[in-house]
Amino acid sequence: MSSGVLTLLIGEEDRDLRLDKALANAFSEQFSRERLKALIRAGVVSINDKPCLKPASAVHEGDVIAVRTPEPTTFDLSPEAIPLEVAFEDNDVLVINKPRGMLSHPAGEQRSGTLVNAALHHCNGQLSGINGLIRPGIVHRLDRDTCGLMMIAKTDRAHRHLAQQLQARTAKRSYQAVVHGSPGAESGLIDAPIARHPKWRNRMTVHASGRFALTRWEVLERLPGRFTHLRLYLETGRTHQIRVHLAHIGMPVLGDPQYGQGVERQIKLNTPGQLLQADRLSFIHPVSQHLEHFEIPQDPAIADALGFLRTR
């Protein structure tokens, strides 16, 4: 998109709306609502020639809104010929099985070897730009040591559609995990807000000031020594959500270096990382409107751990 100024005259149908909502109604093809909020906070949006920095500001009939669109910037990431296990691909969406140990996108000083680098090569650079230069195409993330299914958007239209499904909870993500602990019921719900840890900034924690977070779980198998194989369903998508929630209720994921208790070392169970896999994914295709459902085989590390624990 070239730089310039987009203008909007507020009519009767949009009066008294939030600024970001009114802009989203008008420019949904160009921007996501989150991107518009970022532009407002960056000071490039004005109401009647006066800069407005608050997305929640009310607009009124007759107001003239101007948005100074930014200059386009080229990706500063290098495509890399890293093999990807593709579960589905068409002109709009790519679904891959991310391996354990791969970052979803560049972070910190790491600018290579990530899923984004691999996807840029695989898709010849055709990825959505909604999430900016560092996270092109990334609709949702998996932690470095969580393996499993991820959807990647090739176009901005697909990205917006998929992101809206995640927000509306019509896109479904399901996980399996091996945990240390034995729940008193066969299923349950973890409703606990998640915030950045006040001391360790690379960790998250349950805290009253955090964002709403909801995880459903059910027992797949109870194992000797108070270990359990769980099925988990994400109702929200907070950073480290499953790992934080399970640790919070006293059932940390085996092999989790941040939230675990190291019990796998005590029982001499070798794990390549946390035993957590995103093995099921479903969503409405953004163009065909067909329901797409994907399921991959159980992670070998989880299968090995279950075999080990059953025979202890």
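In terms of hydrophobic clustering, with Ile, Leu, Val, Met, Phe, Trp and Tyr side chains grouped at heavy-atom distances under 4.5 Å, I152 and L103 are assigned to different clusters. Cluster annotation: L53 is not connected to V67 through the hydrophobic network of ILVMFWY side chains, with a link wherever side-chain heavy atoms come within less than 4.5 Å. In terms of hydrophobic clustering, with Ile, Leu, Val, Met, Phe, Trp and Tyr side chains grouped at heavy-atom distances under 4.5 Å, F308 and L306 are assigned to a common cluster. No continuous path of hydrophobic side-chain contacts links L309 to L220 [ILVMFWY only; heavy atoms under 4.5 Å]. Hydrophobic cluster membership is shared by L23 and L17, with clusters built from Ile, Leu, Val, Met, Phe, Trp and Tyr side chains linked at under 4.5 angstrom.
A search for side chain to side chain donor-acceptor pair (under 3.5 Å) contacts involving R173 returns nothing, not counting sequence neighbours. Residues that satisfy the salt bridge (Lys or Arg N to Asp or Glu O under 4.0 Å) test with R238, not counting sequence neighbours, are absent from this structure. Evaluation of the salt bridge (Lys or Arg N to Asp or Glu O under 4.0 Å) rule for E221 yields R310 as partners, not counting sequence neighbours. Remark: R141 pairs with no residue by the salt bridge (Lys or Arg N to Asp or Glu O under 4.0 Å) rule, at least two apart or across chains. Residues that satisfy the side chain to side chain contact (heavy atoms under 4.5 Å, CB included) test with A171, not counting sequence neighbours, are M151, Q165, L166, F283. Remark: A301 pairs with R100, P272, L275, D299 by the side chain to side chain contact (heavy atoms under 4.5 Å, CB included) rule, at least two apart or across chains. Judged as a ring-ring contact (aromatic ring centres under 6.0 Å, His included), and not counting sequence neighbours, the contacts of H197 are W200. A search for side chain to side chain contact (heavy atoms under 4.5 Å, CB included) contacts involving S288 returns H285, H290, E292, not counting sequence neighbours. For R211, the salt bridge (Lys or Arg N to Asp or Glu O under 4.0 Å) criterion is met by no residue, not counting sequence neighbours.
Note that CG of D63 is 9.5 Å distant from CG of L8, once rounded to the nearest 0.5 Å. Between atom CG of residue L234 and atom OG of residue S174 there is a gap of 8.5 Å, rounded to the nearest 0.5 Å. Rounding to the nearest 0.5 Å gives a distance of 9.5 Å between CD1 of I65 and OG of S57. Note that NE2 of H180 is 11.5 Å distant from CG of L223, once rounded to the nearest 0.5 Å. A distance of 13.5 Å separates CH2 in W217 from NE2 in H245, rounded to the nearest 0.5 Å. Remark: E89 CD to H122 NE2 distance equals 3.5 Å, nearest 0.5 Å.
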Would you please test L39 and R68 for side-chain contact (heavy atoms from CB on, under 4.5 Å) and show each step?
CA-CA 9 Å; L39 290 173; R68 288 186 289 109; over 6 Å; no
Do E218 and E186 pass the side-chain contact (heavy atoms from CB on, under 4.5 Å) test, and can you show the C-alpha distance, the side-chain angles, and the key distance before you say yes or no?
CA-CA 6 Å; E218 62 184 36; E186 292 304 303; over 6 Å; no
Pair Q126, T155 - check side-chain contact (heavy atoms from CB on, under 4.5 Å), show working.
CA-CA 7 Å; Q126 183 192 341; T155 67; 4.1 Å; yes
Could you check K172 against R280 for side-chain contact (heavy atoms from CB on, under 4.5 Å), going step by step and ending with a plain yes or no?
CA-CA 8 Å; K172 304 295 184 181; R280 295 178 184 174; over 6 Å; no
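Of the candidates L246, V253, V178, I242, L230 forms a side-chain contact (heavy atoms from CB on, under 4.5 Å) with just one, namely L246.
Between the side chain of R135 and the backbone N or O of S104, no donor-acceptor pair lies under 3.5 Å. Remark: the backbone N or O of G255 is paired with a side-chain donor or acceptor of E264 at under 3.5 angstrom. With Q277 contributing its side chain and P297 its backbone, the two residues share a donor-acceptor pair below 3.5 Å. A donor-acceptor pair is defined here as one N or O able to donate and one able to accept, closer than 3.5 Å; no such pair exists between the side chain of K21 and the backbone of D14. Under the 3.5 Å distance criterion, the side-chain polar atoms of N117 are left unmatched by any main-chain donor or acceptor of P79. Put simply, the side chain of K268 never gets that close to the backbone of R265: no donor and acceptor are under 3.5 Å apart. One N or O on the side chain of T228 and one on the backbone of G181 form a donor-acceptor pair closer than 3.5 Å.
Alongside V206, the hydrophobic cluster contains I194, M204, V244, Y259 (criterion: ILVMFWY side chains under 4.5 Å). The other members of the hydrophobic cluster of F212, by chain and number, are L189, L214 (side-chain heavy atoms under 4.5 Å, ILVMFWY only).
No more than 12 heavy-atom neighbours from other residues, nucleotides or ligands sit within 6.0 angstrom of CG on N270. Within 6.0 Å of atom CD in Q167, 12 or fewer heavy atoms from other residues, nucleotides or ligands are found, so the atom counts as exposed in its surroundings.
Side-chain contact between L36 and P55: absent, with no pair of heavy atoms (C-beta onward) separated by less than 4.5 Å. Annotation: side chain of I284 is not in contact with side chain of T170 (no heavy-atom distance under 4.5 Å). Taking 4.5 Å as the limit, some side-chain heavy atom of P198 sits within range of a side-chain heavy atom of T205.
R216 and S187 share no donor-acceptor pair across their side chains, judged by distance under 3.5 Å alone. With no hydrogens or angles considered, no side-chain donor-acceptor pair links S46 and D49 at under 3.5 Å. When only modelled atom types and interatomic distance are considered, H207 and S209 share a side-chain donor-acceptor pair under 3.5 Å.
Closest heavy-atom contact between S112 and E80: CB-OE2, 2.9 Å. Across every non-hydrogen atom of T236 and A213, the tightest pair is OG1-CA, 3.2 Å. Heavy atoms only, all atoms of each residue included: A22 and I10 are closest at CB-CD1, 4.1 Å. Counting all heavy atoms, side chain and backbone alike, V139 lies closest to A163 at CG1-N, 4.0 Å.
Looking at R231 and D279, a side-chain N of the basic residue comes within less than 4.0 Å of a carboxylate O on the acidic one, giving a salt bridge.
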Which atom pairs, donor and acceptor, lie under 3.5 Å between side-chain atoms of residues 91-99 and protein residues at least two apart or in another chain?
residue : atom : partner : partner atom : Å
N97     : OD1  : G148    : N            : 3.4
N97     : ND2  : E85     : OE1          : 3.3
N97     : ND2  : E85     : OE2          : 3.3
K98     : NZ   : M102    : O            : 2.8
K98     : NZ   : D143    : O            : 3.2
K98     : NZ   : R144    : O            : 3.0
K98     : NZ   : T146    : O            : 3.0

